[in-house]
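These notes are about the structure you will find just below.
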Amino acid sequence: MKVFYVTTPIYYANSLPHLGHLYTTTVADVITKHKRQRGFDAFFLTGTDEHGINIQRAAEKAGKTPKEQVDYIASELKKMFADFGIVEDENGYSIFMRTTEQFHYEGAQHFWRQIAKNKTPKGNPNIYKGYYEGWFCAPCAAFKTEDEYEVREGAEAPFCLIHEKPLDRVSEESYFFRLSDYSEVLLEIIHKHPEKIRPEARRNEVIAFIERGLQDLSISRERRSVNWGIPVPDDQNHVMYVWLDALSNYITALGYGNKQKSGFEKYWKHAHHLVGKDILRFHTVYWWAFLLAAGLDLPQVVFAHGMWLDAQGRKMGKTLGNVVELDILKKHFQVDAIRYFFLREMVFGQDGNFGYENLIDRVNADLANGLGNLVSRTLAMVEKYCKGRIPSCKISQENRILTKHEMTSLDEQEIVTTLEHARDEFIRRFDNFEFSQALEVIWKVIAKVDKMITDSKPWELAKQQHQTEALNALLYRAVETIRWLAVLLYPVLPDATRRIYRQIGLEGDPAKVNPENLRWGELPEGIRIQKVEAVFPRIDKRGVMNEIMNEAKVEKQEAEDYITIEDFLKVDLRVGEIKGAEKVPDADKLLRLEVDLGEEKPRQILAGLAEYYSPEKLIGRKVVVVANLKPRKIRGLESQGMICAASLNKDDIPAIATFIEEVKNGARLK
RNA sequence: GCCCUUGUAGCUCAACGGUAGAGCAGAGGACUCAUAAUCCUUUGGUUGGGGGUUCGAAUCCCUCCGAGGGCACCA
């Protein structure tokens, strides 16, 4: 039997489910359904990564124990998956992996022991004890990484972003993995098997990373600083650190190093890891080195997929208020529509844009007008012209010539060939992770059948007695094609294709039909079609968008208190030197200033500072100017900018913003 | 800062040295079996700007501008 193993990352249990979790898991679900349809024994793993300092902190913040925290997140994630049709059954995932389970502890410790037992390719011990040194924040009780602290001018130590206090240089006893001995082996493997890391651009990044040289990796933490983790075997003072623990889930779930689970021998050598591009390195460099160290096979493929950006191509985030909310998706869209969109809209491996409008457009164009309408027009005609029974495809000898004349657009062999090619191409694309292209192939077939129907004019054939056979054959061909498409599309549209199956009057389940075994003509004639209902009702774009906007509004208003960096950069703040200053006649407060912004000639700027600054005091000062303020006339004089000054109340004396260091005129403030 | 990728019709992308294409959106027409659907026709681009190599460049080279990403222990 053919075997397949696909994994999503196990999601870190410190935050609630979001679109990214749903996306990756949906893709894995689609792949699994497709492989099982084709007779593969497919194992599908998803789950949660439940250890580490960040979980400890998230738990503290929520007033929970770490275990309560991870139980909560794991159940939320499962619930969300179930909401979107991803469940643990014979068509869904095989295990919801959790790293806090006993079998994983045993397996991960076994993994550690194996690594420790073996030597590196250069003959050194894989694991040694040393000291991990880093910037440590005492109040946080944690080491800080580069993006968790800020370096301040003149300060000896960087500052913690949370506590705004200088960090300590601290070293802690740690076990190290001798990653530095693995550069050559890893590069050799990647060059020999480039298909193991995809897409290519990401593979090149990994190669570049390794070529820069690998440092040894700290793989444990002292229990007194992090205790929410798996104990290092034979050393109660240490717990295993993140990656060794988390990554090993892919094998412990299959029974590696434990007796509760099984399947390692069968599945592991067929492993395909789907990962976000942000964690590709850990799944190639670190994970592969660990596996080599433990003497295990490497996975077949590590595929880094892209991220969903918003409709404008910006990253999604709370501050922008552009996050796609799962409950809105759930409320307004069929699960199948979302699955289709995920696979059709994003070229797997690249980033994609996710907008509700794009989604609606896709659903209406492809699912409602395309697939859905083809099904309903075809079955409506079967009902109307054939008394609701699938007609015969046979055309008798005496009618052949006449029929051919009428149905010039299509002979049977042509559509059979088209379908078989499409099927083969679809499977080939699917096996190669090219889901959007695979779906395009199917939609070309849909267009072709629509054209065949329109060209053959069945409503006219129906009026002519001698054309009954031609009409029947045409409708049979259309329904038979739909049957094929239902089978092929089942992994992507599990619910819709089953409904289509039932409407055609077929008994079985498309999940159980291997697309490779589809044979033209196996649709039995004479079966009774069932009630025809729109599989994908058209979505009223304007109406639904309005509803979504209203529902999403609360979130957005909160976000509007912030501006983005783009907003800020719209304001062109520049350094200017005041070259000339004089009081504007007949005005109490107004000064006319000549400000040099490093441009061809100084700008004339009017400022209401005369009550507080005498003109001669200002000459030579460097000030901050809003350079792209729309020019306006004041007292008949054009002001070409604005001088920035600070004051608390309207009546307070303003203080002009200025510089202590030397700056060039025209320099931009950012 | 260094390195990589990318910039093609309103939108998403294809062509990767030989007369710029597809889908969606827009416009017009046909048709009525169908979810105002489908089918046909059609508008629309000096391929980010400039320079170069070539008989010929979206495609190769240089440069500028814009977008995205990578540069190690954060999952």
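The chains referred to below are lettered A, B, ... by the order of the sequence lines, with proteins before strands, and numbering in each begins at 1. All values below come from the heavy atoms of this structure, side chains included, with hydrogens, waters and symmetry mates left out.
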Inter-nucleotide C1' distance (C4(B), U41(B)), Å rounded: 45 Å
Separation between the C1' atoms of C24(B) and A14(B), rounded to whole Å: 15 Å
For Ala208(A), which contact category applies under a 4.0 Å heavy-atom criterion: base, sugar-phosphate, or nothing? nothing
Ring centre gap for Tyr23(A) and His305(A) strictly below 6.0 Å: yes
Arg477(A)/Glu480(A) ion pair, N-O < 4.0 Å: no
Can you tell me how far P in C65(B) sits from the matching atom in G49(B), rounded to whole Å? 15 Å
Thr7(A) vs Thr46(A), side-chain contact (heavy atoms from CB on, under 4.5 Å): CA-CA, chis, key distance, verdict: CA-CA 6 Å; Thr7(A) 71; Thr46(A) 190; over 6 Å; no
Taking the ring centre of each residue, are His283(A) and Tyr250(A) less than 6.0 Å apart? yes
What is the nucleic acid contact for Pro537(A), judged by heavy atoms within less than 4.0 Å: base, sugar-phosphate only, or nothing? base
Is the centre of the Phe177(A) ring less than 6.0 Å from the centre of the Tyr286(A) ring? no
Cation-pi geometry met for Arg221(A) and Tyr241(A) (6.0 Å, 45°): yes
Between U35(B), C39(B), A75(B), which nucleotide has the shortest distance from any of its atoms to the side chain of Ala534(A)? U35(B)
Separation of C39(B) atom C1' from Glu460(A) atom CD, nearest Å, is 14 Å
I'd like the C1' distance from G44(B) over to C11(B), given in whole Å. 13 Å
C61(B) to U6(B) separation - P atoms, rounded to the nearest Å: 11 Å
Counting the atoms with a prime plus P, OP1 and OP2 as sugar-phosphate, which does Phe536(A) contact under 4.0 Å by heavy atoms, base, sugar-phosphate, or nothing? base
Protein-nucleotide distance (Lys277(A), atom NZ; C74(B), atom P), rounded to Å: 20 Å
Give a yes/no answer on whether the side chain of Tyr241(A) brings an N or O atom under 4.0 Å of OP1 or OP2 in C74(B). no
Can you work out whether Ala368(A) or Val347(A) has the more 5'-proximal nearest nucleotide on RNA chain B? Val347(A)
Looking at Arg428(A) and Glu425(A), is there a salt bridge between them, counting it only when a charged N and a carboxylate O are closer than 4.0 Å? yes
Check the pair Tyr340(A) / Phe333(A) against ring-ring contact (aromatic ring centres under 6.0 Å, His included), numbers first and verdict last. CA-CA 11 Å; Tyr340(A) 176 77; Phe333(A) 301 95; over 10 Å; no
Please determine, for the side chain of Phe209(A), which listed nucleotide (C74(B), U35(B), A72(B)) has the closest atom? A72(B)
Can you check the Asp351(A) CG to U12(B) C1' distance for me, whole Å? 14 Å
Scan nucleotides 4-10 of chain B nucleotide by nucleotide, 5' to 3', and note B when protein non-hydrogen atoms come under 4.0 Å of the base, S if they reach only the sugar-phosphate, - if neither. -------
Is the shortest distance from a Lys or Arg side-chain nitrogen in Arg362(A) or Glu357(A) to a carboxylate oxygen in the other one below 4.0 Å? no
Tell me which of Ile219(A) and Leu367(A) sits closer to the 5' end of RNA chain B, going by the nucleotide each one is nearest to. Leu367(A)
Which value, in whole Å, describes the distance between the P atoms of nucleotides G50(B) and U8(B)? 16 Å
Quick one: label Val285(A) by what it contacts on the DNA or RNA (base, sugar-phosphate, nothing), any heavy atom closer than 4.0 Å. nothing
With the side chain of Asn54(A) defined as its heavy atoms from C-beta on, choose the nearest nucleotide among A72(B), A75(B), C33(B). A75(B)
Compute the centroid of each ring, for His273(A) and then for Phe282(A), and state whether the two points are separated by less than 6.0 Å. no
Output field dot_bracket for RNA chain B (Watson-Crick or G-U, both distances under 3.5 Å, | for other-strand pairs) contains (((((((..((((....[..)))).(((((.......))))).....(((((..]....))))))))))))....
Below 6.0 angstrom between ring centroids: does that apply to Phe290(A) and Trp243(A)? no
Provide the closest heavy-atom pair for Pro391(A) versus Leu475(A) in the form atom of the first, atom of the second, distance. CG-CB, 4.1 Å
I need the OH-P distance between Tyr132(A) and A72(B), as an integer number of Å. 13 Å
Please state the C1' separation for the pair G45(B) and A15(B) - nearest whole angstrom. 14 Å
Would you mind classifying the nucleic acid contact of Gly276(A) as base, sugar-phosphate or nothing, using non-hydrogen atoms under 4.0 angstrom? nothing
Tell me what Trp443(A) touches on the nucleic acid: a base, only sugar-phosphate, or nothing, going by heavy atoms under 4.0 Å. nothing
Ignoring hydrogens and geometry, is there a side-chain-to-backbone donor-acceptor pair from Asn249(A) to Ala246(A) under 3.5 Å? yes
Whole Å only: how far is the CD1 atom of Ile279(A) from the P atom of G70(B)? 13 Å
Distance check needed: C31(B) P versus Trp459(A) CH2, whole Å only. 11 Å
Between A9(B) and G69(B), how far apart are the P atoms? Round to whole Å, please. 22 Å
Write down the protein N/O and nucleotide N/O pairs, taken from nucleotides 20-29 of chain B, whose separation is under 3.5 Å; answer none if there are no such pairs.
none

The nucleotide from U35(B), A72(B), A75(B) with an atom nearest the side chain of Tyr12(A) is A75(B)
Could you check whether Ile55(A) gets within reach of a base, just the sugar-phosphate, or nothing at all, counting any heavy atom under 4.0 Å? nothing
Between Asp71(A) and Lys64(A) (salt bridge meaning N to carboxylate O under 4.0 Å), is one present in this structure? no
Rounded distance in Å - CZ (Arg202(A)) to P (G69(B)): 9 Å
From CD1 of Ile453(A) over to P of C39(B), roughly how many Å is that when rounded to an integer? 10 Å
